[in-house]
Amino acid sequence: MKIHITEPTFAKATAGKEDHKALAGKFCISAEYLHFCISYMAGKKADNIIITIDGWSSCGKSTLARQLARKLGYVYIDSGAMYRAITLYFLRNHIDWTSKKEVAKALADIELEFIFNEKLDQSEIFLNGENVEYVIRDMVVAEKVSEISAIKEVRDFAVAQQRKMGKSKGIVMDGRDIGTVVFPKAELKIFMTADNAIRVERRFKEIFEKNPNVTLDEVQHNLEMRDYIDSNREVSPLRKAADALVLDNTNITQEEQLKKALSWVKELKSGKSKIENRK
Ligand code: DC
């Protein structure tokens, strides 16, 4: 499995500087452009942090992670999309995931890429060159993803790739084990929760738009089943990291949750953080 991420923030920072981009395209870079690049990269690296967002299914993790990444000019990685894409591959290719040999062979044949879609202003996941961002949200995948993501070999491989993505920081990653296993030393860890009824309603609305045949019961059953498997599996079960900050968004708007998270980032970067004292 290979993972490539495009760098949306750099593309955005150079937007409007068409002459510079054209020059760079011809391998001829002006001094002004070079200076811009160096200061951009230096500034970017200096105070970049890793932000992890973990929590139950349909708590709004990806919404917050995407908004935070946009605001901060960070890369957003939806780790759940990686497990969903692997599940899709296993289902399509009739992989017997109880066989270690078949799992290992399948993983070697999987290439995942996150490619930034400028029109949608977000990254999309590609499985062996195919954009699967939409199809991985299907109930057929949701039914099996927790079972497949509980397999040690699947996790080992995904986690190794996720760690590589965080090497230069400036990343927001959401999932189930990001603050506990993938980046245990992340500067900011958020654990999201919301009332069950709210979560079911949110996920139902999301799936209903694509599949009007889905029922509320089906969605509720799927969420309960995934929460159970995700938090009871042997390998890196869903847990709140001891130093994670809890964000319950049952009664707050998306704007309010973003404001809260940004205030934590600001506190942390100001060096006066009470957040660090929680460790
Ligand atoms: O975030 P999501 O609902 O798209 O994730 C789909 C499944 O992937 C989830 O039920 C459990 C698994 N997952 C995981 O095991 N570890 C992660 N870091 C992210 C997702």
Side-chain angles (χ1 to χ4, degrees), residues 1 3 50-66 69 76-91 97 103 107 110 112 114 122-125 127 132-166 171-184 186 189-194 196 198-200 202-207 210 218-241 244 249:
M1 182 166 74
I3 308 262
I50 294 181
I51 303 175
T52 66
I53 305 183
D54 289 303
W56 310 99
S57 296
S58 300
C59 271
K61 299 184 295 296
S62 56
T63 304
L64 176 63
R66 190 171 290 123
Y76 162 54
I77 297 294
D78 173 359
S79 70
M82 294 166 67
Y83 291 104
R84 285 173 180 267
I86 293 168
T87 301
L88 179 67
Y89 182 91
F90 280 19
L91 290 173
W97 55 83
V103 167
L107 288 173
I110 292 175
L112 297 179
F114 282 100
Q122 65 182 58
S123 295
E124 295 180 314
I125 192 160
L127 168 65
V132 291
E133 183 64 35
Y134 187 81
V135 68
I136 56 166
R137 313 286 161 194
D138 198 275
M139 279 298 274
V140 180
V141 173
E143 286 291 332
K144 293 290 170 211
V145 65
S146 284
E147 199 179 321
I148 288 171
S149 58
I151 300 170
K152 186 178 180 304
E153 288 71 19
V154 170
R155 300 206 73 79
D156 286 350
F157 217 90
V159 169
Q161 302 300 326
Q162 289 155 6
R163 286 190 179 140
K164 273 189 209 156
M165 296 175 196
I171 192 168
V172 186
M173 192 179 288
D174 75 327
R176 305 293 187 288
D177 60 341
I178 312 302
T180 50
V181 175
V182 183
F183 299 122
K189 299 180 187 176
I190 300 175
F191 189 86
M192 288 184 71
T193 64
N196 279 7
I198 295 274
R199 294 197 290 130
V200 172
R202 284 181 190 155
R203 181 58 67 134
F204 176 72
K205 277 190 192 152
E206 199 182 298
I207 299 180
K210 299 174 196 163
E218 269 178 295
V219 173
Q220 179 168 1
H221 171 76
N222 180 257
L223 280 198
E224 284 169 0
M225 178 197 72
R226 287 203 289 136
D227 283 351
Y228 182 82
I229 301 178
D230 296 346
S231 52
N232 286 286
R233 67 184 174 219
E234 259 175 54
V235 195
S236 35
L238 167 64
R239 295 272 183 275
K240 175 186 138 354
N249 68 8

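In this text, all values refer to a predicted model and were calculated from it rather than measured experimentally. FYI, the numbering just counts along the sequence from 1. Atoms within a ligand are numbered from 1 in the order they appear, just like the ligands themselves.
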*Asks:* Which residues satisfy the side-chain contact (heavy atoms from CB on, under 4.5 Å) test with R66, sequence neighbours excluded?
*Replies:*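 So R66 forms a side-chain contact (heavy atoms from CB on, under 4.5 Å) with R70, Y76, Q122.
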*Asks:* Would a 4.5 Å heavy-atom cut-off, applied to side chains only, mark I171 and I51 as touching?
*Replies:*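 Not touching, per the 4.5 Å side-chain cut-off.
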*Asks:* Give the residue, atom name and distance (to 0.1 Å) of the protein heavy atom nearest atom 16 (N) of ligand 1.
*Replies:*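 Atom 16 (N) of ligand 1 sits closest to the protein heavy atom R155 NH2, 3.0 Å.
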*Asks:* Just need the protein heavy atom nearest to atom 1 (O) of ligand 1, so name the residue and atom and give the distance.
*Replies:*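 Looking only at protein heavy atoms, the one closest to atom 1 (O) of ligand 1 is R176 NH1, 3.0 Å.
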*Asks:* Report the nearest protein non-hydrogen atom to atom 4 (O) of ligand 1: residue, atom name, distance rounded to 0.1 Å.
*Replies:*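 Of every protein heavy atom, R84 NE, 2.7 Å lies nearest to atom 4 (O) of ligand 1.
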*Asks:* Quick one: salt bridge (Lys or Arg N to Asp or Glu O under 4.0 Å) partners of E153, sequence neighbours excluded?
*Replies:*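 By the salt bridge (Lys or Arg N to Asp or Glu O under 4.0 Å) rule, E153 matches K100.
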*Asks:* At the 4.0 Å heavy-atom cut-off, does R233 count as touching ligand 1?
*Replies:*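 Heavy atoms of R233 do come under 4.0 Å of ligand 1.
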*Asks:* Nearest protein heavy atom to atom 19 (C) of ligand 1, by residue and atom, and its distance?
*Replies:*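 That would be S79 OG, 3.3 Å.
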*Asks:* Looking only at N/O atoms, are D78 and ligand 1 under 3.5 Å apart anywhere?
*Replies:*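 Such a contact does not occur with ligand 1.
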*Asks:* Using a 4.0 Å heavy-atom cut-off, say whether I178 meets ligand 1 through its side chain, its backbone, both or neither.
*Replies:*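 Contact part for I178 vs ligand 1: side chain (C-beta onward).
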*Asks:* Quick one: does D230 get an N or O within less than 3.5 Å of an N or O on ligand 1?
*Replies:*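 Yes.
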*Asks:* Counting non-hydrogen protein atoms only, what is the nearest one to atom 12 (C) of ligand 1? Give residue, atom name and distance.
*Replies:*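 Ranking protein heavy atoms by distance from atom 12 (C) of ligand 1, first comes S149 OG, 3.4 Å.
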*Asks:* Just checking, is any N or O donor in the side chain of R176 or S79 under 3.5 Å from an acceptor N or O on the other one?
*Replies:*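 Distance-only check fails for R176 and S79.
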*Asks:* May I ask you to check whether D177 has an N/O atom sitting below 3.5 Å from an N/O atom of ligand 1?
*Replies:*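 Such a contact does occur with ligand 1.
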